[in-house]
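Have a look at the structure below, then the notes.
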Amino acid sequence: MAQTISSLPAGGESSSATAAPSICGALQVIGTQLSDKNGNAVLLNGISTLGLCWYPEYINKDCFSQFKKEWNLNLIRLAMYTAEPGGYCTDGDPEALKTLIKNGVSYATDLDMYVIIDWHILSDGNPNTYIEEAKAFFEEMSSEFAGNNNVLYEICNEPNGNTTWADIKSYAAEILPVIRRNDPDAVILVGTPNWSQYVDQAAADPITGYDNLMYTLHFYAATHKEPLRETLVSAVEAGLPVFVSEYGICDASGNGMLDYDQANQWMELLDRCQISRAMWNLSNRDESSAILKSSCTKISDFTEEDLNDSGKWLYERNDRFLAQ
Ligand code: IDC
């Protein structure tokens, strides 16, 4: 039965921006809602790395710890490009990248935070391009982290180009059993067509036969506005569990002006629907989506002076969020 937005869980005491694995236990997806082991709504709120291959230095425990303790974030997304320069399937160093992921997961685990392992397809467009590599990767990751209740698997960042929902379903049909053989319950995030925007297509034809799946919607507030919010609302009303595993408050290039008004409209919607989210990106790259100024060479213990406007917005918002 379709839910309406007003009938969605309101959040309240049971859900918290600082939900932690030690308290929530194994996550589960109930209807559209990410939930704890007791069925209470859970909100994950965090930050995504930029490419691990480009910015390995931010994978350090002090850095993650500050996000948890001072920014009230409970989620780190580890974005591992598959086909950009330094990518896992092209000219990158797969062993070094896997070591970074294992380190990142272990820091998040020690800090009682959630962590997404993101197979970050982008210029490869169709996740089937490197499906054999993806299978082997998720086989290794899910066997390594089967015992962790804080790890989520994101099996394809942003299918794009001519990739159809049918292509993604066929990819998922190969990858999901690989993960499920090792890790029967972990939450798995599935990308949607057109850079993870067509959640309506997933809602019309969801993947069946698996629990604890969520579908991703990505937005960049200066580019994606009311029409994409309407797509999101319709998909949720149709019963689709949605996870915003990547968003920016700049434009879709990862750069340009920040649109605070649109960002606030997005956040109101995500808060109202209790939709989890991770902001792009943790780096000092010279682009407005980076949370650090390009002049900042620190890799932890950031101060306000080190932050770009995107970083200030995230920090301030989470302070306010907690005070609500
Ligand atoms: C961007 C980075 C940018 C990099 C580019 C291509 O911000 O530094 O040069 O990738 O490699 C996405 C993607 C994400 C993009 C981001 C901004 O998931 O990889 O990062 N974006 O363009 N989808 C929509 C926007």
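Indexing begins at 1, ligand by ligand and atom by atom, following the structure's order. None of these values were measured; they are calculated from a predicted model.
At a heavy-atom distance under 4.0 Å, only side-chain atoms of Asn157, from C-beta outward, approach ligand 1.
Within a 6.0 Å sphere centred on CG of Asp62, heavy atoms belonging to other residues, nucleotides or ligands number more than 12.
Among protein heavy atoms, the minimum distance from atom 20 (O) of ligand 1 is reached at Trp280 CZ2, 3.2 Å. Protein heavy atom at the shortest distance from atom 9 (O) of ligand 1 is Arg285 NH1, 3.3 Å. The protein atom (non-hydrogen) at minimum distance from atom 7 (O) of ligand 1 is Glu287 OE2, 2.7 Å. Here the protein heavy atom with the shortest distance to atom 5 (C) of ligand 1 is Tyr81 OH, 4.2 Å. Of the protein's non-hydrogen atoms, Leu122 CD2, 4.1 Å is the one closest to atom 6 (C) of ligand 1. When only non-hydrogen protein atoms are considered, atom 11 (O) of ligand 1 lies nearest to Trp54 CH2, 3.5 Å.
Considering both main-chain and side-chain atoms, Glu158 comes within under 3.5 Å of ligand 1 through a nitrogen or oxygen pair. For ligand 1, the polar-atom distance check against Glu246 finds a nitrogen or oxygen pair separated by under 3.5 Å. In terms of polar-atom proximity, Ala252 is counted as a contact of ligand 1, with an N or O under 3.5 Å from an N or O of the ligand.
When all heavy atoms of Ile168 and Cys156 are compared, the closest pair comes out as CG2-SG, 4.3 Å. Minimum interatomic distance between Leu43 and Arg277 (heavy atoms only, all atoms of both residues): CD1-NH2, 3.8 Å.
Heavy-atom distances between Tyr220 and ligand 1 reach below 4.0 Å in at least one pair.
Identified under the salt bridge (Lys or Arg N to Asp or Glu O under 4.0 Å) test for residues 239-257, with sequence neighbours left out: Arg77-Glu246.
For the 3.5 Å distance criterion, the side chains of Thr303 and Asp306 qualify, holding a donor opposite an acceptor.
Contact atoms of ligand 1 toward Ser253: 17 (C), 22 (O) (distance under 4.0 Å to a heavy atom of the residue). Here is the list of ligand 1 atoms found below 4.0 Å of a heavy atom in His120: 13 (C), 14 (C), 18 (O), 19 (O).
One hydrophobic cluster, built from ILVMFWY side chains closer than 4.5 Å, holds both Leu307 and Trp313.
Taking the six-membered ring where tryptophan is involved, the planes of Trp280 and Tyr81 are perpendicular, since the angle between them exceeds 60° and thus also 30°.
Of the possible donor and acceptor atoms, none in the side chain of Asn128 sits under 3.5 Å from a partner among the backbone N and O of Ile131.
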